[in-house]
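See structure below.
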Amino acid sequence: MKKILFTIIDGLGGRPSKQLNGKTELEYAKTPNLDRLSAKGVNGIVDIFHGVAPESDEAVLTLLGYDLKKYYVGRGPFEAVGIGATFKNGMLALRCNYATSPDGKTLADRRVGRNLSSKEAKILAKAIQERIKLTNADFIFSPGLAHRAVLVIKAKKSLSKDITNTDPAYGIRHGIPEALPKYDMVIKECKPFSKGAKVSAELVNEFTEKAYGVLKKHPVNVARRKKGLLEANVVISRDAGNTTPRLPKIGESWAILADMPLEVGIARIAGMDVIELPLPTMTKEDYTVRVKKTVEAMKKYNSLYIHLKGPDLFGHDGDFRGKVKSIEDIDKYFYRPLLKKVNFDDYVMLVSADHSTPCSVRGHSGDPVPLLICTKGIKADSVKAFSERECAKGSLGRIKGIDVMRTVMRYAGMPSSRFGSNPKLTSFKESERAKFREY
Ligand code: ZN
Ligand code: ZN
């Protein structure tokens with residue numbers, strides 16, 4: 001049995017654009033190290049989730065092989081577990097953003113111009129925690145990275161999660177969140193969509209209103225205004241959850257290296273250990289540290305899930321050059337040194353993305369993402385470069401996100417025992433089995 005290096009580059013996929021001479025961001029970027037891996041391995045493209053634009057949580061769960069219909073319980077609980085907040089079933093957890101509003105109702109920016117420091121976020125969170133009291137309920141408001149935060153509300157009785165988002169950019173369809181292509185820049189009123197959720201909705205609205213009261217005159221915001229920066233004066237929320245999903249264990253001896261609480265939370269619930277990382281600084285040093293930590297972790301654990309943030313942020317900002325550079329940096333400063341340390345006799349390496357974040361879309365899209373799997377003895381296909389269009393010609397073809405983990409586990413000769421409860425996923429036909437004997 002081999003070990004797995006499961007590496008995911010957040011928002012890597014893109015679309016051809018005239019700004020990049022008809023190429024996608026990944027095609028345009030110089031990625032000699034990833035190209036070499038593609039040439040030595042097998043390649044394909046992945047429809048993460050039925051061609052819709054997935055959120056990172058849906059995408060990550062799917063890539064790890066968990067069926068959303070069965071396991072998705074809202075993003076809030078994953079985020080709460082990810083930052084180590086106390087969360088128990090019956091509490092209500094929501095993913096929040098600090099945002100900017102001129103009047104407490106309309107929104108000027110959903111992310112405070114993306115330049116709120118984690119230190120400022122922490123000071124504001126402390127003020128919220130100390131000065132707000134909710135009717136018949138307690139809460140914990142924990143800042144995450146930059147504008148991101150998590151709210152956990154606890155009442156005497158169990159709280160329902162059937163409420164709408166106050167963040168206008170996301171809707172909920174069949175219990176699964178979706179990024180909306182168009183929306184009004186207003187803070188939505190939180191509404192219950194089942195009878196029992198009235199209390200939850202009222203608590204969220206009460207929190208939203210009181211948070212504005214605390215934040216609008218806070219010294220951090222006064223200082224930001226003076227510097228000409230956007231104020232973090234409102235909190236918008238989404239993706240409520242009231243249970244921790246019971247994910248079957250991913251396997252023996254797995255660990256995660258990731259920056260965001262969301263990925264960490266999912267991994268923790270899936271039974272992975274968490275490798276602590278310093279906060280990203282968006283410089284090449286980030287990758288040097290991550291390579292070092294990866295190499296150390298390879299000695300201790302069998303398999304690693306490494307989630308690299310970067311291209312997604314530039315995709316959201318529509319910054320073509322920034323995204324291209326971010327991809328080139330990852331190739332040069334992460335994969336290049338790491339590949340020198342990986343013995344492919346023992347390891348299977350996977351490189352893919354959780355979703356596309358094309359600069360032309362400025363958000364996530366349902367475009368399929370490239371996938372490569374490389375190990376010693378694998379029967380390489382004819383793909384010579386790692387990109388959306390090249391990988392599409394590879395021998396893995398076009399596969400579903402839910403099949404990615406199973407596929408790489410087979411190349412590693414690992415039993416995919418965590419799929420045990422789902423016979424559709426564990427048993428595959430002899431003809432399929434034969435395919436995987438060829439290397
Ligand atoms: Zn993502
Ligand atoms: Zn994103």
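Remember, it's 1-based here, ligands and their atoms both numbered in the order they're listed.
Using cut-offs of 30° and 60° for the angle between ring planes, the Phe6 and Tyr305 rings count as perpendicular. Between Tyr71 and Tyr66, the ring-plane angle classifies as perpendicular under the 30° and 60° cut-offs.
Distances from the Zn ion (ligand 1) to each N, O or S atom of Asp354 single out OD2 as the nearest.
Neighbouring protein atoms of the Zn ion (ligand 2) (N, O or S, distance under 2.8 Å, waters ignored): Asp312 OD1, Asp312 OD2, His316 NE2, His364 NE2.
The CD1 atom of Ile306 sits 6.0 Å away from the CG atom of Leu338 when rounded to the nearest 0.5 Å.
For the residue pair Tyr212 / Asn233, no side-chain donor-acceptor distance below 3.5 Å is found, with atom types taken as modelled.
In this structure, Phe141 has its ring center under 6.0 Å from that of Tyr98.
Within the structure, the side-chain hydrogen bond (donor to acceptor under 3.5 Å, both in side chains) test picks out the following pairs touching residues 181-194 (sequence neighbours left out): Asp162-Ser194.
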